[in-house]
Amino acid sequence: MIRRGKLNINSFKLLPRTFYHQPTLKLAEDLLGHVLVKTTDEGTTSGVIVETEAYLGASDQAAHSYQNRRTKRTEIMFQTPGHVYTYQMHTHCLVNVVSGEEGNPQAVLIRAVEPYTGIELMEKRRPVKKPKNLTNGPGKLTKALGINMSDYGRTFFGSPIYIASGSPPEKERVERGPRIGIDNAGEARDYPYRFWIKDNPYVSR
DNA sequence: GTCTAGATGGCCT
DNA sequence: GGCCATCTAGACA
């Protein structure tokens, strides 16, 4: 059970690096319920991961690393799992967890989180009328948590951006379906690589 | 160098 | 539903 309200951030328990060494689709599902944390000069904010998408690299037309395309941007995807892959999309920054063993450029996009700690700071960074609009999208959550391109290439274990152990949902609370916003990715458009926690109000759609 | 499309979000009608 | 901000990676010349 995740505790609400006041909480000592020192009680966050880092997920070990071994956690990231598993098949990308399983990692995408297993990340649900864990806690994405970011510490900056302004303070610490965190959110429970409630929606993810897997990008399977070489064979996945929707992935930046399709056909093992190796560029300055995708370089980090070729590294060991657990690295941070951030990139700019229009006016926003999106955050991914690098997956797949070294040389296999896969990743998991974090599409939505449920605000957990540091909510005041998040609201200061991202004033919203409806609470759920704080973090119910990949560009929204990065702004609320203060994640940006300076996080590119870090790891999720032992840096200002990390993932702490939370409480994964029951298996029957996990839903799966096609990814969002990749209409021009050929047949990859319909691959069911998106995972989310059923009925969670912070899921993007 | 130039051009284009994009794993989005906010505001408009 | 539509429009567009804002900017960079990637392709091509």
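Letters A, B, ... are given to chains in the order of the sequence lines, protein chains preceding strands, and every chain is numbered from 1. Nothing here was measured: the structure is a model prediction, and the numbers come from that model.
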List, with names and distances, any nitrogen or oxygen atoms from the protein found under 3.5 Å away from nitrogen or oxygen atoms belonging to nucleotides 2-8 of chain C.
from: C:dA5; atom 1: N6; to: A:His90; atom 2: ND1; distance (Å): 3.4

(message) What contact category does A:Leu109 fall into here, base, sugar-phosphate, or nothing, at under 4.0 angstrom with non-hydrogen atoms?
(response) base
(message) If you take any heavy atom closer than 4.0 Å to DNA chain B, which residues from residues 125-142 of chain A end up in contact?
(response) A:Arg126, A:Gly137, A:Pro138, A:Gly139, A:Lys140
(request) Under the side chain to side chain donor-acceptor pair (under 3.5 Å) rule, collect the residues that match up with A:Tyr87, sequence neighbours excluded. (result) none
(request) Mark yes or no for whether A:Thr52, through its side chain, and A:Ala28, through its backbone, hold a donor-acceptor pair below 3.5 Å. (result) yes
(request) Name the first nucleotide and the last nucleotide along DNA chain B (5' to 3') that come under 4.0 Å of a heavy atom in chain A. (result) B:dG6 to B:dG10
(message) Please determine whether the number of non-hydrogen atoms from other residues, nucleotides or ligands lying under 6.0 Å from atom CD of A:Glu187 exceeds 12.
(response) no
(message) Between the side chains of A:Lys132 and A:Glu114, is the shortest nitrogen-to-carboxylate-oxygen separation below 4.0 Å, so that they form an ion pair?
(response) no
(request) Please check if atom CZ in A:Arg17 has more than 12 non-hydrogen atoms from other residues, nucleotides or ligands closer than 6.0 Å. (result) no
(message) Regarding A:Glu175 and A:Arg194, does a basic nitrogen lie under 4.0 Å from an acidic carboxylate oxygen?
(response) no
(message) Main chain of A:Asn133, side chain of A:Arg126: is a donor-acceptor contact present, judged purely on distance under 3.5 Å?
(response) yes
(message) Below 30° counts as parallel, above 60° as perpendicular, anything between as tilted: where do the rings of A:Tyr20 and A:Phe156 land?
(response) parallel
(message) Is there a side chain to side chain donor-acceptor pair (under 3.5 Å) between A:Thr80 and A:Glu102? Walk through the geometry before answering.
(response) CA-CA 5 Å; A:Thr80 52; A:Glu102 189 166 3; 5.9 Å; no
(message) So does A:Ile197 get a backbone contact from the side chain of A:Asn200, meaning a donor-acceptor N/O pair under 3.5 Å?
(response) no
(request) May I ask you to list the residues of residues 51-80 of chain A, by number, that have any heavy atom positioned under 4.0 Å from an atom of DNA chain B? (result) A:Tyr55, A:Ala62, A:His64
(message) Whether the side chain of A:Arg179 engages the backbone of A:Ala188 through a donor-acceptor N/O pair (distance < 3.5 Å, no angle test) should be reported.
(response) yes
(request) Kindly indicate, with the supporting measurements, whether the criterion side chain to side chain donor-acceptor pair (under 3.5 Å) is fulfilled by A:Thr74 and A:Arg69. (result) CA-CA 7 Å; A:Thr74 63; A:Arg69 185 167 50 192; over 6 Å; no
(request) Looking only at non-hydrogen atoms, find the nearest pair between A:Phe12 and A:Ser46 and report the distance. (result) CZ-OG, 3.7 Å
(request) Give one of base, sugar-phosphate or nothing for A:Asn96, where a contact means two heavy atoms less than 4.0 Å apart. (result) base
(message) Using a 3.5 Å limit for the pairing distances, which stems of at least 3 consecutive Watson-Crick or G-U wobble pairs does DNA chain C take part in?
(response) B:1-6 with C:7-12, B:8-12 with C:1-5
(message) For A:Thr45 versus A:Gly118, what's the shortest heavy-atom pair and its separation?
(response) CG2-O, 3.4 Å
(request) Taking A:Thr24 for its side chain and A:Ala54 for its backbone only, find out whether a donor-acceptor pair lies under 3.5 Å. (result) no
